[in-house]
Chemist: 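First the structure, then my questions, so here it is.
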There are 2 protein chains.
Amino acid sequence: MKIGELAKQSGLSAHTLRFYEKQGLISPSTRSESNYRIYNQNDLSTAKFIKRSRDMGFSLEEVEVFLSIRADKPAHICADAKDIAQQKIVDVGQKIKEMQQVLVALHKLSDACCGGSESAEFCSIIEALDDRPLTDHTSHQDKQVGTKEDVA
Amino acid sequence: MKIGELAKQSGLSAHTLRFYEKQGLISPSTRSESNYRIYNQNDLSTAKFIKRSRDMGFSLEEVEVFLSIRADKPAHICADAKDIAQQKIVDVGQKIKEMQQVLVALHKLSDACCGGSESAEFCSIIEALDDRPLTDHTSHQDKQVGTKEDVA
DNA sequence: CTTGACCTTAGACTATACTCTAAGGTCTAG
DNA sequence: CTAGACCTTAGAGTATAGTCTAAGGTCAAG
């Protein structure tokens with residue numbers, strides 16, 4: 001199949017497939033007379049493998065390692081793959097924690113502000129970013145707290 | 001004070017301050033005879049304001065809006081600031097949810113793999129990324145599950 | 001008067017992962 | 001035979017936010 005077909009079947013774009021080829025992740029098994037990239041079922045599996053890995057949050061560099069393990073499994077051990085996954089778990093977990101902290105801070109910031117059409121003269125958000133003590137200016141509106149949904 | 005001093009006191013680097021100047025976020029109140037940037041206390045407040053905003057996860061573009069509100073408060077209303085904060089809360093919340101899903105998937109991926117020095121011939125991670133059904137190969141090790149800490 | 005710390009500029013480079021463009025060749029249906 | 005869909009390449013552009021370099025000027029201390 002040609003690149004357009006592989007794109008359709010793998011969920012990657014033709015552009016991206018060419019880009020991945022430049023990065024050494026996947027290349028067509030053959031070329032047609034007219035120099036078109038020709039892919040087979042094996043290539044499709046590889047493309048899907050890459051797509052799935054990317055969707056799991058792995059970087060192209062990490063995908064490259066997975067691909068090399070996949071290409072010669074007996075030459076590798078499970079730890080090779082698991083180490084990458086474990087590290088990613090740590091990284092993602094860390095990132096989530098950071099973002100949760102940011103979220104809490106954002107809620108504090110936002111909740112103190114009335115958000116109405118009052119002049120921003122005493123806007124709590126600007127004040128807080130300016131390091132002035134956080135004062136509650138929500139009062140000139142019907143204190144509507146409870147907008148916190150997903151702070152862990 | 002010169003840029004180095006402002007850098008020290010604001011927590012931003014001199015490089016970054018010059019970069020922010022190019023982006024129109026902050027500029028020295030004056031220049032010395034020798035063309036050095038000279039900042040005053042007001043500039044320091046601004047630099048800190050930017051730093052705090054960045055730490056809260058706001059983009060430079062959003063910081064720019066905050067700065068313009070701050071520069072002329074009566075010309076703005078609280079909603080101008082709160083809208084940005086609310087949108088950021090939505091974005092960060094969404095991002096966290098996505099990452100939590102990735103984290104769950106990563107745990108599934110990782111937990112099925114023994115991670116030992118066994119050949120990767122039947123490595124569950126590679127298999128799963130290859131879309132073969134997830135089989136449990138942890139058994140040739142003392143099934144050590146419970147490595148999940150922070151999946152929400 | 002020299003050394004070293006600090007400052008200046010424009011512009012290039014980093015990271016990550018694409019995404020698109022220009023200019024052209026190929027193929028298929030009507 | 002021609003239109004339109006598809007393919008080719010090298011290389012530039014996008015997004016975000018810095019980070020660094022080269023080549024040079026300034027300034028205070030010793």
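Every heavy atom of this structure was used, including side-chain atoms; hydrogens, water molecules and symmetry mates were not. Small disclaimer: the values here were computed from a predicted structure and weren't measured. We name chains A, B, ... by the order of the sequence lines, and we start the count at 1 in each one.
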Chemist: Distance check needed: C:dA17 P versus A:K51 NZ, whole Å only.
Modeler: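 In whole Å, C:dA17 P and A:K51 NZ are 14 Å from each other.
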
Chemist: Can you list the residues that meet the side-chain contact (heavy atoms from CB on, under 4.5 Å) rule with A:E64, with sequence neighbours excluded?
Modeler: A:L25

Chemist: Round to the nearest Å and state the distance from A:N35 atom CG to C:dT26 atom P.
Modeler: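 The distance from CG of A:N35 to P of C:dT26 comes to 9 Å, rounded to the nearest Å.
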
Chemist: NA contact type, A:S59, heavy-atom cut-off 4.0 Å: base, sugar-phosphate, or nothing?
Modeler: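 If one applies the 4.0 Å heavy-atom cut-off, A:S59 turns out to touch the sugar-phosphate alone, with no base involved.
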
Chemist: What are the 5'-most and 3'-most nucleotides of DNA chain D lying under 4.0 Å from any heavy atom of chain B?
Modeler: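 Listing 5' to 3', DNA chain D meets chain B from D:dA17 to D:dC27.
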
Chemist: Looking at B:N40, B:L6, B:D43, which one forms a side-chain contact (heavy atoms from CB on, under 4.5 Å) with B:M1?
Modeler: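 Result for side-chain contact (heavy atoms from CB on, under 4.5 Å) with B:M1: B:L6.
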
Chemist: Could you state the CD-P distance from A:E61 to C:dT16, rounded to the nearest angstrom?
Modeler: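 Distance check: A:E61 CD to C:dT16 P gives 6 Å.
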
Chemist: Please report the distance, rounded to the nearest Å, between CD in A:E5 and P in C:dC27.
Modeler: 17 Å

Chemist: Using distance alone, with no hydrogens and no angle criterion, decide if A:D83 and A:Q87 have a side-chain donor and acceptor under 3.5 Å apart.
Modeler: no

Chemist: Between B:D131 and A:K48, does any NZ, NE, NH1 or NH2 come within less than 4.0 Å of an OD or OE carboxylate oxygen?
Modeler: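 Between B:D131 and A:K48 there is no salt bridge, as every charged N stays at least 4.0 Å from the carboxylate O atoms.
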
Chemist: Can you pull out the residues from residues 14-24 of chain A that lie within a 4.0 Å heavy-atom distance of DNA chain C?
Modeler: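 Of all residues in residues 14-24 of chain A, the ones placing a heavy atom under 4.0 Å from DNA chain C are A:H15, A:T16, A:F19, A:Y20.
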
Chemist: With nearest nucleotides of DNA chain D determined for B:S32 and A:G4 from heavy-atom distances, which residue corresponds to the more 5′ nucleotide?
Modeler: A:G4

Chemist: B:Q101: which residues meet the side chain to side chain donor-acceptor pair (under 3.5 Å) condition with it, sequence neighbours left out?
Modeler: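 B:Q101: no side chain to side chain donor-acceptor pair (under 3.5 Å) contacts found.
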
Chemist: To the nearest 0.5 angstrom, please state how far the CD1 atom of A:I126 sits from the CD atom of A:E121.
Modeler: 12.0 Å

Chemist: With A:K51, which residues qualify under side-chain contact (heavy atoms from CB on, under 4.5 Å), at least two apart?
Modeler: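 So A:K51 forms a side-chain contact (heavy atoms from CB on, under 4.5 Å) with A:L12, A:D55.
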
Chemist: How would you list, by chain and number, every residue that makes a ring pair (Phe, Tyr, Trp, His ring centres under 6.0 Å) with A:Y20, sequence neighbours excluded?
Modeler: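 Partners of A:Y20 by the ring pair (Phe, Tyr, Trp, His ring centres under 6.0 Å) criterion come out as none, since no residue qualifies.
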
Chemist: Return the 5'-most residue of the pair B:K2, B:S13 with respect to DNA chain D, ranking by each residue's nearest nucleotide.
Modeler: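 The residue mapped nearer the 5' terminus is B:S13.
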
